[in-house]
Amino acid sequence: MTTTPHPLVAEAHRLADGLLAPSAQRVDQDVVPASHLAAVRRSGLLGVSAPVESGGTGAPDAVAREVAEILAGACLSTWFVQTQHHTPVRLLGRAAPGLPARERLLRPLAGGELLAGIAYAHVRSHPRVPVRATAERGGVRFDGTVPWYTGWGLNDLMLLAGVTGADEVVFAFADAREQPGLRPSPPMRLAALTAARTVSLALDGLWVPEESVVLRTPREEFARVDVPRSTNTSPAVFGVAYAALDLLASAPDERGAADSLRARVDEVRERAYALADHPVPHEHVAERLALRTRAYDLLRSATTAAVVAGGGRATSLDHPAHRLAREAMFLLIQGQTTPVREAHLEALAAG
């Protein structure tokens, strides 16, 4: 992994080495502690991509990616809760000055005073419409089911989306708490990242005022913009892969295997990030998907190697190789869209 010289990268290393990594095994079997998120809030990392004039740092994408790698490699559960926050911040940062939601929320979100989650992946389910948005009483009414919402009880706000009868996607902020029209399920028990407190949300007439709406866009435009987001490789894939290779390298006589795998991960990482920085985000989609699939292969190899080196001890829930292997399984489907799933299955079938 390269190291980008930036204060937030140094801060991410400090947080990862001093707090997140030492407690990752305990957190994996429990819940992301409020103290972890308080430390993330204080660190300035929540404003990594926010405009400077709104209290953020406006750091380059390379810095944001490296911060994500570091946090994900240290404790994927904590990374997953806080990574939800960056989408609302970027969306508000791109919104027109004077928009009520931007003026009210961008600065407290950028500074960590508020922590946000996201509830919009279901929009990718077209032609199904899991959440319907309807204009009502100077605001928007939301009805339906959000299948997955991460950070329940840990974050303050959610960025919620629904689709109107005119096939327009409406994004709005709502309080992340049980309220009239919003009922959460119990937290899900999952093979990995149960600690991130993922629930489903039943929406039955949840009303939000117009001043909480941040974006209205045709669903087809949402899908077009979503393509590069979903086909680029998540930095968390590389973060967990490097954590597994560090664990492998610590085993007796396994430095050579770790170095060989690391060189292959480095090469795919460099190519994937070069495409992520390409000035035309909708070009090279096939290559982006191929690199994402290749990154998955290397992630699986790295975590499998850590399990093999750990031997029988690695079958214990308390062993880091076991946790990393489960986290790798989670990352296979995190942010998955139909093109991503089809490309991955085609690659697996081809051997």
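- The NE2 atom of His126 sits 11.0 Å away from atom OG1 of Thr338, with the distance rounded to the nearest 0.5 Å.
- At most 12 non-hydrogen atoms from other residues, nucleotides or ligands lie less than 6.0 angstrom from CZ of Arg128.
- Of all non-hydrogen atoms in Leu114 and His85, the two that sit nearest each other are O-CE1, 3.1 Å.
- Side chains of Ser250 and Arg255: a donor-acceptor N/O pair is absent below 3.5 angstrom, by distance only.
- Contact between Met158 and Ala176 at its shortest, heavy atoms only, is CE-CA, 3.9 Å.
- Transitive grouping of hydrophobic side chains (ILVMFWY, heavy atoms separated by less than 4.5 Å) keeps Leu76 and Val307 in distinct clusters.
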Inset, instruction - For salt bridge (Lys or Arg N to Asp or Glu O under 4.0 Å), just list the numbers for Asp226 and Arg229, CA-CA rounded to whole Å, side-chain angles, deciding distance to a tenth of an Å, and then say yes or no. - result: CA-CA 5 Å; Asp226 193 49; Arg229 283 198 298 253; 3.2 Å; yes
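- No side-chain donor-acceptor contact under 3.5 Å links Glu267 to the backbone of Ala263.
- Side-chain atoms of His344 do not come within 3.5 Å of backbone N or O of Ile333 as any donor-acceptor pair.
- Taking CZ of Arg90 as the reference point, atom CG of Leu106 lies at 12.5 Å (rounded to 0.5 Å).
- In this structure, the side chain of His122 does not engage the main chain of Val131 through any donor-acceptor pair within 3.5 Å.
- A cation-pi contact, defined as under 6.0 Å to the ring centre and within 45° of the axis, is absent between Arg132 and Phe142.
- There is a path of hydrophobic side-chain contacts, each under 4.5 Å, that joins Leu45 to Phe80.
- No hydrogens or angles considered: a donor-acceptor pair under 3.5 Å links the side chains of Asn155 and Tyr149.
- Applying the salt bridge (Lys or Arg N to Asp or Glu O under 4.0 Å) criterion to Asp175, with sequence neighbours excluded, gives Arg177.
- The OG atom of Ser49 lies 6.5 Å from the CG atom of Asp61; values are rounded to the nearest 0.5 Å.
- Side-chain N or O atoms of Arg102 include one that pairs as donor or acceptor with a backbone N or O of Ala95 at under 3.5 Å.
- Side-chain contact annotation: His36 with Ser23, donor-acceptor N/O pair under 3.5 Å present.
- Smallest separation of non-hydrogen atoms from Ala244 and Ala306: O-CB, 3.9 Å.
- Distance alone, capped at 3.5 Å, places no donor-acceptor pair between the His278 side chain and the Glu283 backbone.
- Ser43 places a side-chain N or O within donor-acceptor distance of the main-chain N or O of Val40, the cut-off being under 3.5 Å.
- Under a hydrophobic clustering in which Ile, Leu, Val, Met, Phe, Trp and Tyr are joined whenever their side-chain heavy atoms come within less than 4.5 Å, directly or via other members, Leu206 and Tyr120 fall into different clusters.
- Pro180 has its side chain out of reach of Trp207: every pair of non-hydrogen atoms, C-beta onward, lies at least 4.5 Å apart.
- One finds the CG atom of Leu289 at 12.5 Å from the CZ atom of Arg341 (value rounded to the nearest 0.5 Å).
- Cluster annotation: Val208 and Phe173 are assigned to distinct hydrophobic clusters (Ile/Leu/Val/Met/Phe/Trp/Tyr, side-chain heavy-atom contacts under 4.5 Å, transitive).
- At distances below 3.5 Å, at least one donor-acceptor pair connects side-chain atoms of Gln25 with backbone N or O atoms of Asp318.
- Using a 3.5 Å distance cut-off with no hydrogens or angles, the side chains of Arg326 and His322 do pair a donor with an acceptor.
- Note: Asp204 CG to Leu182 CG = 10.5 Å, rounded to the nearest 0.5 Å.
- Taking 4.5 Å as the limit, every side-chain heavy atom of Trp152 sits out of range of all side-chain heavy atoms of Pro187.
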Inset, instruction - Take Arg269 and Glu69 through the side chain to side chain contact (heavy atoms under 4.5 Å, CB included) test and state the conclusion after the steps. - result: CA-CA 11 Å; Arg269 176 182 183 268; Glu69 284 185 15; 2.7 Å; yes
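- Shown here is Glu346, whose CD atom has no more than 12 heavy atoms of other residues, nucleotides or ligands within 6.0 Å.
- Side-chain contact check for Tyr296 and Arg300: no donor-acceptor pair (N or O, by modelled atom type) lies under 3.5 Å.
- The CD atom of Glu113 sits 12.0 Å away from the CG atom of Leu46 when rounded to the nearest 0.5 Å.
- Here the side chain of Glu254 pairs no donor or acceptor atom with the backbone of Ala249 at under 3.5 angstrom.
- The shortest distance between side-chain heavy atoms of Val214 and Leu99 falls below 4.5 Å.
- For the pair Val31/Val27, no side-chain contact is recorded, criterion being any heavy-atom separation below 4.5 Å from C-beta on.
- The two residues Ala72 and Val240 have their closest heavy-atom pair at O-CG2, 3.9 Å.
- Leu159 has its side chain within reach of Phe171: a pair of non-hydrogen atoms, C-beta onward, lies under 4.5 Å apart.
- The neighbour count for Arg104 CZ, taken as heavy atoms of other residues, nucleotides or ligands under 6.0 Å away, is above 12.
- Side-chain atoms of Thr303 come within 3.5 Å of backbone atoms of Leu299 as a donor-acceptor pair (strictly under, hydrogens ignored).
- Only one option out of Val32, Leu193, Leu154, Leu19 pairs with Thr78 in a side-chain contact (heavy atoms from CB on, under 4.5 Å); it is Val32.
- Atom CD of Glu221 sits in a crowded spot, with more than 12 heavy atoms from other residues, nucleotides or ligands closer than 6.0 Å.
- Between Ala251 and Ala309, the shortest heavy-atom contact is CB-CB, 4.1 Å.
- Side-chain contact between Leu275 and Arg271 is absent, with no heavy atoms from C-beta onward closer than 4.5 Å.
- Thr233 approaches Ala295 most closely through the heavy-atom pair CG2-CB, 3.7 Å.
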Inset, instruction - In sequence, state the C-alpha distance, the side-chain angles, and the governing distance for Glu327 and Arg323, and then conclude on salt bridge (Lys or Arg N to Asp or Glu O under 4.0 Å). - result: CA-CA 6 Å; Glu327 291 175 349; Arg323 170 177 58 83; 3.3 Å; yes
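- Taking the side chain as every heavy atom from C-beta outward, Glu136 and Val140 never approach each other to under 4.5 Å.
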Inset, instruction - Would you please test Thr134 and Thr164 for side chain to side chain contact (heavy atoms under 4.5 Å, CB included) and show each step? - result: CA-CA 6 Å; Thr134 309; Thr164 70; over 6 Å; no
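- With hydrogens and angles ignored, the 3.5 Å screen pairs no side-chain donor or acceptor of Ser200 with any backbone N or O of Val146.
- Between Leu201 and Arg183 the shortest side-chain heavy-atom distance does not fall below 4.5 Å.
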Legend entry - side chain to side chain contact (heavy atoms under 4.5 Å, CB included) assessment of Val52 paired with Thr57: CA-CA 5 Å; Val52 174; Thr57 60; 5.6 Å; no
Legend entry - Candidate pair Arg65 and Asp277, rule salt bridge (Lys or Arg N to Asp or Glu O under 4.0 Å), full reasoning: CA-CA 11 Å; Arg65 286 193 295 258; Asp277 288 332; 2.9 Å; yes
Legend entry - Asp156 vs Arg41, salt bridge (Lys or Arg N to Asp or Glu O under 4.0 Å): CA-CA, chis, key distance, verdict: CA-CA 12 Å; Asp156 306 299; Arg41 290 175 188 248; 3.0 Å; yes
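- Salt bridge Asp266/Arg264: absent, no basic N to carboxylate O contact under 4.0 Å.
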Legend entry - Test log, rule side chain to side chain contact (heavy atoms under 4.5 Å, CB included), inputs Leu247 and Tyr242: CA-CA 9 Å; Leu247 183 62; Tyr242 286 129; over 6 Å; no
